[in-house]
Amino acid sequence: MPDTHPPSPPPPRSNSMSATFNYLHLDADKVLSAFGKYGRYQMLAYVITTSVHMLFALNMMIMPFITKTTSFLCDVPDSPNFSPLVGDSCHLHDVQLNTTIDCLAVNGAKYAYEEDKKSTITSDFDLVCEYQGMAEHATSIFLVGGMIVSPFVSQLSDILGRRPLFLIPLYVSVIANLICAAAPNYLIFLLSRFISGVATTSFSMTGFVLCMESVSLEFRSLIPVLTTISWVGGYMLAGVFYIFFKNWRVLYFAASVPGLLTIPFFWFTPESLHWLVTKQNDKKIQKYINESVAFNKQTISLIDCRSANAQSSEKTRTFRALFYPKIFVHVLINSYILIVMSGTYWALSLYSTELSEDETTGYFLSGLVELPAGFLSVFLLILFKRKTVSFYSLVLTAAFMLGTVYVPLQGNYKMIFPLLAKSTNSIVWASQPLLYSEGTPTTIRNVFSGVVSFVGELGSIGAPYMNRLTAINEDAPAIVISVMSLIAGLLVLLQPETKDKKLPEDIDDFDAGPLFRGCRTKKNKEKLKKNLEDVEAAAQKTLEKIDEEEAVELLEVKNQETEEKS
């Protein structure tokens, strides 16, 4: 019988030359583009690294619900010696001593909370009276944890790789959140929240860098699509859980369960090809390409993916590289911009339950506006430059925040300007991280992002306390956000544009933007002028030398003629 089996396919071109091809000379951007804009293996990395934003949103957005204040009374055993005070549930009147004492100073006394209200950490841990306001620490300590660790994690990520510094914190955060739900006292809860903040910020920050380094240059403008869906999904899910669960521990546990679904990520998360090329890891580069070829079912020509720079060598940069003048200026600029972005976002989000009489209406609307804003940001990033999108988003945020102050609206219409400000803030969150991440060299990209995130968390930490500015002036929070947003918009203009540009590999490839470009132009002009002066001086000396030589020759000729006549 004739052989009816189809002929075996030829071996992939990437594999067929593995014995002779030098993988260290590959250009990571060219390889990713060769697999196509929507390469399956690259899309897998994209889905994994963006889906975890849901966990971050869940961890933060359940806090407005579980930290709410609850009405209470001082429940004291029947005794003629103590009587309650009108309008003061924290103290009792001691009839015998004719003095005021703390409620809990009486044996058997306790705080009695309204039974029809949902339980919160405020009621469960008695965070009232002298401990009033401590519930806010549960929100801020999460962000403090992320702020403290981000520079160290980012440095480790640049040294050890993106993958381990994405997965390990991811699983640590899941464990810490489960402990929070079962915490026997407020101290354990705070400690677990701190650890959760450390881990959540770590995997979120490293995941963003890994995502950007795992997709093709042509796809980068589309990164906000799934990022927005994931984040808003977590935002909405927190509100849905609040509606169904009355006990805060059950609510927190429900918010922690989605983290368990990330366990399979351990087997499917690839390392960053950009990082592997920078670290000159020949075997892992080859492994990445082979896995990509197999998963994508697509062969590529590695010869066409070679780097134009034949001089490839392993480069290791540390935290000190951030103090190069042209790098350090951009660290300062982006740190300030991120402070404004974070402070604005969390101030508008955490107080969204106060936007309307019905707490859930304002909350859900505040989350939902991020969805169209996220999709709009994708079209804006495709049509316009990164700087343009960031600049106008920040300026419009400033304008809308002023609108909340100077445009009087009544009822639910008062939500219009805060929601518009939330929308433009969401757009700048899509454009600005992309702008500075694309412009930062691979050798310091994660440590750069870590330091910027570290300083930027100051805005997040201050957001839960923003309402305290109303003690100065009722409109103070909105005015402060508006002024800072306008300044941030102007600072964006000092950054280099990165749209459709190759990711810089090292500091020599870094474009410092118009500020340094102008300084460099002036410096180059001065250098050129000096060179011209040197050339002219050298030419003059040459001419003078030639003249001297000619004079000597003429003198010698005359002397010779004189001798001959004699």
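Numbers here simply count residues along the sequence, with the first being 1. Computed from a predicted model, the values in this text were never measured in an experiment.
Sequence neighbours left out, the pairs with a member in residues 195-216 that pass salt bridge (charged side-chain N to carboxylate O under 4.0 Å, His left out) are R162-E213, E213-R445. Within the structure, salt bridge (charged side-chain N to carboxylate O under 4.0 Å, His left out) pairs that include any residue of residues 187-204 do not occur (at least two apart or interchain). Pairs passing the salt bridge (charged side-chain N to carboxylate O under 4.0 Å, His left out) check and including a residue from residues 418-440, sequence neighbours excluded, read R220-E438, E370-K422, R386-E438. Sorted pairs that involve residues 164-175 and meet side-chain hydrogen bond (donor to acceptor under 3.5 Å, both in side chains), not counting sequence neighbours, are lacking altogether.
A side-chain donor from one of S366 and Y235 sits under 3.5 Å from a side-chain acceptor of the other. Judged by distance alone, the side chains of S390 and S431 do bring a donor and an acceptor atom under 3.5 Å apart. In the model, Q495 has a side-chain atom that pairs as donor or acceptor with a side-chain atom of N334 under 3.5 Å.
Annotation: side chain of V31 is in contact with side chain of F35 (closest heavy-atom distance under 4.5 Å). With contacts defined as side-chain heavy-atom distances shorter than 4.5 Å, the pair L494/L491 qualifies. Residues M212 and P433 fail the side-chain proximity criterion, which asks for heavy atoms closer than 4.5 Å. F384 is not listed as a side-chain neighbour of K499, based on a closest heavy-atom distance of 4.5 Å or more. Taking the side chain as every heavy atom from C-beta outward, H53 and T228 never approach each other to under 4.5 Å. L338 has its side chain within reach of S453: a pair of non-hydrogen atoms, C-beta onward, lies under 4.5 Å apart. Using a 4.5 Å cut-off on side-chain heavy atoms (C-beta onward), F328 and L322 make no contact. Annotation: side chain of P514 is not in contact with side chain of E497 (no heavy-atom distance under 4.5 Å).
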Stepwise side chain to side chain contact (heavy atoms under 4.5 Å, CB included) check, T262 with L55
CA-CA 10 Å; T262 64; L55 306 181; 4.0 Å; yes

Applying side chain to side chain contact (heavy atoms under 4.5 Å, CB included) to C211 and I223, what does each step give before you reach the verdict?
CA-CA 8 Å; C211 173; I223 287 176; 4.1 Å; yes

Test side chain to side chain contact (heavy atoms under 4.5 Å, CB included) on M60 and L58; report intermediate values, then the result.
CA-CA 6 Å; M60 278 300 297; L58 266 172; over 6 Å; no

Evaluate the criterion side-chain hydrogen bond (donor to acceptor under 3.5 Å, both in side chains) for residue pair S51 and S230; output intermediate values, then yes/no.
CA-CA 5 Å; S51 62; S230 176; 5.7 Å; no

Show, in sequence, the C-alpha distance, side-chain angles and deciding distance for F142 and F56, and conclude whether the side chain to side chain contact (heavy atoms under 4.5 Å, CB included) test is met.
CA-CA 11 Å; F142 179 92; F56 198 146; 3.7 Å; yes

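In this structure, the side chain of N281 does not engage the main chain of L276 through any donor-acceptor pair within 3.5 Å. At least one donor-acceptor pair under 3.5 Å links the side chain of Q298 to the backbone N or O of A34. Side chain of S196 to backbone of S192: no donor-acceptor contact under 3.5 angstrom is found. Within the 3.5 Å criterion, the main-chain N or O of V198 finds no donor-acceptor partner in the side chain of T201. No donor-acceptor pair closer than 3.5 Å links the side chain of Y336 to the backbone N or O of I487. Although no hydrogens or angles enter the test, the distance criterion places no donor-acceptor pair under 3.5 Å between the side chain of K37 and the main chain of F219.
Among residues two or more places apart in sequence or in another chain, the side chain to side chain donor-acceptor pair (under 3.5 Å) test is passed with N425 by W429. Taking S204 as the reference, nothing meets the side chain to side chain donor-acceptor pair (under 3.5 Å) condition, with sequence neighbours excluded. Qualifying salt bridge (Lys or Arg N to Asp or Glu O under 4.0 Å) partners for K502, counting only residues two or more places apart in sequence or in other chains: D27, E505. Listed by chain and residue number, Q42 satisfy the side chain to side chain donor-acceptor pair (under 3.5 Å) test with S292 (two or more places apart in sequence, or in another chain). Scanning for side-chain contact (heavy atoms from CB on, under 4.5 Å) contacts around S482 gives A398, M401, L402, with sequence neighbours left out. With sequence neighbours left out, L490 forms a side-chain contact (heavy atoms from CB on, under 4.5 Å) with F391. For Y392, the side-chain contact (heavy atoms from CB on, under 4.5 Å) partners at least two apart in sequence or on another chain are T388. With sequence neighbours excluded, the residues that form a side-chain contact (heavy atoms from CB on, under 4.5 Å) with L44 are I48, F268, F295.
Between P224 and G374, the closest heavy-atom pair is CB-O, 4.5 Å. Closest approach of V455 and I339 over heavy atoms only: O-CG1, 3.3 Å. Closest approach of A238 and I62 over heavy atoms only: CB-CG2, 3.7 Å. The minimum heavy-atom distance linking F266 with L167 is given by the pair CA-CD1, 4.0 Å. Heavy atoms only, all atoms of each residue included: V153 and T206 are closest at CG1-OG1, 3.9 Å. Closest of all the heavy-atom pairs between S256 and V174 is O-CG1, 4.5 Å.
Distance check, rounded to the nearest 0.5 Å: OG of S157 to CG of L165 gives 5.0 Å. One distance of note links CD of E271 with CG of L160; it measures 10.0 Å at 0.5 Å rounding. In this structure, CD1 in I444 is found 11.5 Å from OG1 in T278, a value given to the nearest 0.5 Å. With rounding to the nearest 0.5 angstrom, the NE2 atom of H25 is 14.0 Å from the CD1 atom of I303. Rounding to the nearest 0.5 Å places OG1 of T424 at 6.0 Å from CG of L396. The structure places CG of L190 at 8.5 Å from SG of C180, a figure rounded to the nearest 0.5 Å.
No more than 12 heavy atoms of other residues, nucleotides or ligands lie within 6.0 Å of CZ in F152, so this atom counts as exposed by the packing criterion. Under a cut-off of 6.0 angstrom, the local environment of NZ in K385 is sparse, with at most 12 non-hydrogen atoms contributed by other residues, nucleotides or ligands. Taking a 6.0 Å sphere around NZ of K284, one finds it holds 12 or fewer heavy atoms contributed by other residues, nucleotides or ligands.
Exactly one of F510, Y436, Y324 qualifies for a ring pair (Phe, Tyr, Trp, His ring centres under 6.0 Å) with H330. That residue is F510.
Ring geometry for F166 versus F203: interplanar angle over 60°, hence perpendicular rather than tilted (30 to 60°).
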